[in-house]
Amino acid sequence: MNAGNSPLFSLPAVRCLTRRRFVQLAGTAATGLLMTKPLRGFTADEYRVDLPPLQEEQTEGEEPKPSPGDPPAERIGFAVVGLGHLALEQVLPAFNACKHSRPVALVSGHAEKARRVAAQHGIPANQIYDYASFDRIRDNPAIQAIYIALPNSLHAEYTVRGAQAGKHILCEKPMAVSVPECQQMIDACRQAGVKLMIGYRSQYEPLDRLIVRAVREKKLGTLREFVSANSIHQGDPKQWRLNKRLAGGGPLPDVGIYSINAARFMSGEEPSAVFGHTVQWADDPRFKEVETSAQFVLQFPSGFTATCSCSYASHRSQFLRLNGSEGWAEMDPAFAYKGLHLRMSHLKDGHPAIVEPGVESRNQFALELDHFAQCVGSGADPHTPGEEGLQDMRIIEAIYDSARIGKTVQVETPAAAIRGPDLKVES
Ligand code: NAD
C-alpha cells in the first residue's frame, strides 16, 4: 500500500520527526501490522496501521532546532493563584517549556508552602501574596497576567479582582459555577480593558488540532456522531470537588466538560438542544451533594450528535471517537496530560484503512500559556476567550435542567463569536 496516495496522508504529519521518534513510530506500525486482525472480507494488507510518508530532509541532516524564545526580561510575567495539584504538578513546571511566559509571583494561603515553591521556581520571596493581600498585585508591574488554579467557585471572584487590579486573566476550566458568574467575569475584564482566556488546554494540543484540520478538509466526510467518556475515581469525601458550593457540580463540570468542549471544537458547530441524565448514589458519603455520573446527548443543527458520559466512580476512561460518513478519528486517551493516542480511519479503494498520524503531542500547558502571553504582548484576542467558557456553562446548566425535568432542553447559541482566531503554534 502506498501511504502517499491516501488522502489522510496529506495532513501536516511529521513536522519535526526525529530519528528516535521515527524508530518508535515504525515499531508501532510494525506492531499494528502484526496485531491488527483483518476485518471479515478484507485481507491483512487492506486493513493495516500505516505511517505518513517521511520527507528526505526530515530523515537526514541535523534535526531542526526549536527557537530559543524570548529573553526572560521580555517574557510576560504570570502570578499563579492557588498552589494545588494543578499549579504544582502541571502549570509551574510547564513554564520551563515556555518561550514567552515566566512565573514571577505566587498567591497562596499557605505561607510556608509558597516560600518553598517560590524558591524551587526562582521566584523572589517578596513576590508572594496571600488571598487577603491579593489586590496589592495592582502595584506590581512585574505581574502582567494571573493564572487562576483555584476551586471552581472562586474563579469569578479572583477574575474580577484580578481584572480590577489591571491584570490579564488566564482562568482554569470550568470557567465558573453558573452562567451569570461567567458573564460577570467577561464584563469585568472588558470594563478593565484586560484579556480573559479559559484554560482549554486540549484546544492547544497538536493531535486535537490535527483532527480539526481533518474535519475542515472533509477528510472524514460529513460528521455524523461523536462518542466520548471522561471518567475517574474521586476518593476523599471531604474534598472541594464533592462540595456543590465550591465545585458547582460533580463530574459534569469537572471532567464531562472535556467531552462537551471537544465535540464543539472538533465539529465547529454549537448544539441547539441537549438531553441529560444523572445518577447520584444516595448511600455513598461522597455523593451527598453532587452527581456520581452524568450521561448526555448534544444535538447539533446539522444532525450531528455527541453522546457522552462522565463519572466520579469509574475506572479511568478518557476517550473520544468522531465518526464521519467517510472516516473516523479516535483518541484514547484523549484528555490526559500526555501519552495521547490518535488513530484515524478512512476508505482506501473502498476498504477501511487505519493511520496513526506521526504528529507529536506537546506540553499543552506551555502552549496555552505562551498563546496567552502572545495575546497579551500583541493585543490579539485569545483563541479560547471567556465566551468559550460561558458557552460550555450554558450547556452544562441545560444538561442539569434536562436531567431534572426528564425532557430535551434547547440551548441558546449567541450571535457573537464564541471562539477567538485560529492558532499559529510555533515549533
Ligand atoms: P486542588 O484542590 O489540588 O488545589 C486547589 C488550591 O486552591 C489549593 O492550593 C487550595 O489550598 C486552594 N484553595 C484556596 N481557597 C480554597 C478553598 N476555599 N477551598 C479549597 N481550596 C482552596 O485543585 P486542582 O486540581 O489544582 O484544581 C484547581 C482548578 O484547576 C480547578 O478549577 C480545576 O477544575 C482545574 N483543573 C484543571 C485541569 C486541567 O487539565 N486543565 C486539571 C486539574 C484541575
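Atoms within each ligand, like the ligands themselves, are counted from 1 in listed order.
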Anything under 3.5 Å between an N or O on ligand 1 and a protein N or O? List each pair with its distance, or write none.
from: ligand 1; atom 1: 2 (O); to: W240; atom 2: NE1; distance (Å): 2.7
from: ligand 1; atom 1: 3 (O); to: H85; atom 2: N; distance (Å): 2.8
from: ligand 1; atom 1: 3 (O); to: H85; atom 2: ND1; distance (Å): 2.9
from: ligand 1; atom 1: 9 (O); to: L83; atom 2: N; distance (Å): 3.4
from: ligand 1; atom 1: 9 (O); to: L83; atom 2: O; distance (Å): 3.3
from: ligand 1; atom 1: 9 (O); to: G84; atom 2: N; distance (Å): 3.1
from: ligand 1; atom 1: 25 (O); to: R241; atom 2: NH1; distance (Å): 3.3
from: ligand 1; atom 1: 25 (O); to: R241; atom 2: NH2; distance (Å): 2.9
from: ligand 1; atom 1: 26 (O); to: H85; atom 2: N; distance (Å): 3.4
from: ligand 1; atom 1: 26 (O); to: L86; atom 2: N; distance (Å): 2.9
from: ligand 1; atom 1: 32 (O); to: L150; atom 2: O; distance (Å): 3.1
from: ligand 1; atom 1: 32 (O); to: N152; atom 2: OD1; distance (Å): 2.7
from: ligand 1; atom 1: 32 (O); to: H155; atom 2: NE2; distance (Å): 3.0
from: ligand 1; atom 1: 32 (O); to: K173; atom 2: O; distance (Å): 3.4
from: ligand 1; atom 1: 34 (O); to: N152; atom 2: OD1; distance (Å): 3.4
from: ligand 1; atom 1: 34 (O); to: K173; atom 2: O; distance (Å): 2.9
from: ligand 1; atom 1: 34 (O); to: K173; atom 2: NZ; distance (Å): 3.2
from: ligand 1; atom 1: 40 (O); to: R201; atom 2: NE; distance (Å): 2.6
from: ligand 1; atom 1: 40 (O); to: R201; atom 2: NH2; distance (Å): 3.2
from: ligand 1; atom 1: 40 (O); to: Y258; atom 2: OH; distance (Å): 2.9
from: ligand 1; atom 1: 41 (N); to: E172; atom 2: OE1; distance (Å): 2.9
from: ligand 1; atom 1: 41 (N); to: E172; atom 2: OE2; distance (Å): 3.4
from: ligand 1; atom 1: 41 (N); to: Y258; atom 2: OH; distance (Å): 3.4

**Neighbour count >12 (heavy atoms, 6.0 Å) for atom NZ, K244** = no
**Prompt:** Among R264, K173, R419, whose salt bridge (charged side-chain N to carboxylate O under 4.0 Å, His left out) with D392 holds?
**Reply:**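 Among R264, K173, R419, the one that satisfies the salt bridge (charged side-chain N to carboxylate O under 4.0 Å, His left out) with D392 is R264.
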Identify each donor-acceptor pair in which a side-chain atom of residues 186-194 lies under 3.5 Å from a protein atom, sequence neighbours left out, and give them as a table.
from: D187; atom 1: OD1; to: Q183; atom 2: NE2; distance (Å): 3.0
from: R190; atom 1: NH2; to: E387; atom 2: OE2; distance (Å): 3.0

**Request:** Answer yes or no for R286 and W281: cation-pi contact, defined as NZ/CZ to six-membered ring centre under 6.0 Å and angle to ring axis within 45°.
**Result:** no
**Request:** Sequence neighbours left out, what pairs pass ring pair (Phe, Tyr, Trp, His ring centres under 6.0 Å) with at least one residue falling in residues 217-256?
**Result:** none
Mind listing the side-chain donor-acceptor pairs of residues 131-138 below 3.5 Å, one per line with the distance, residues two or more places apart or on another chain?
from: S133; atom 1: OG; to: D130; atom 2: N; distance (Å): 3.0
from: S133; atom 1: OG; to: D130; atom 2: O; distance (Å): 3.4
from: S133; atom 1: OG; to: D130; atom 2: OD1; distance (Å): 2.9
from: D135; atom 1: OD1; to: R161; atom 2: NE; distance (Å): 3.1
from: D135; atom 1: OD2; to: R161; atom 2: NE; distance (Å): 3.4
from: D135; atom 1: OD2; to: R161; atom 2: NH2; distance (Å): 2.9
from: R138; atom 1: NH1; to: Q164; atom 2: O; distance (Å): 3.1

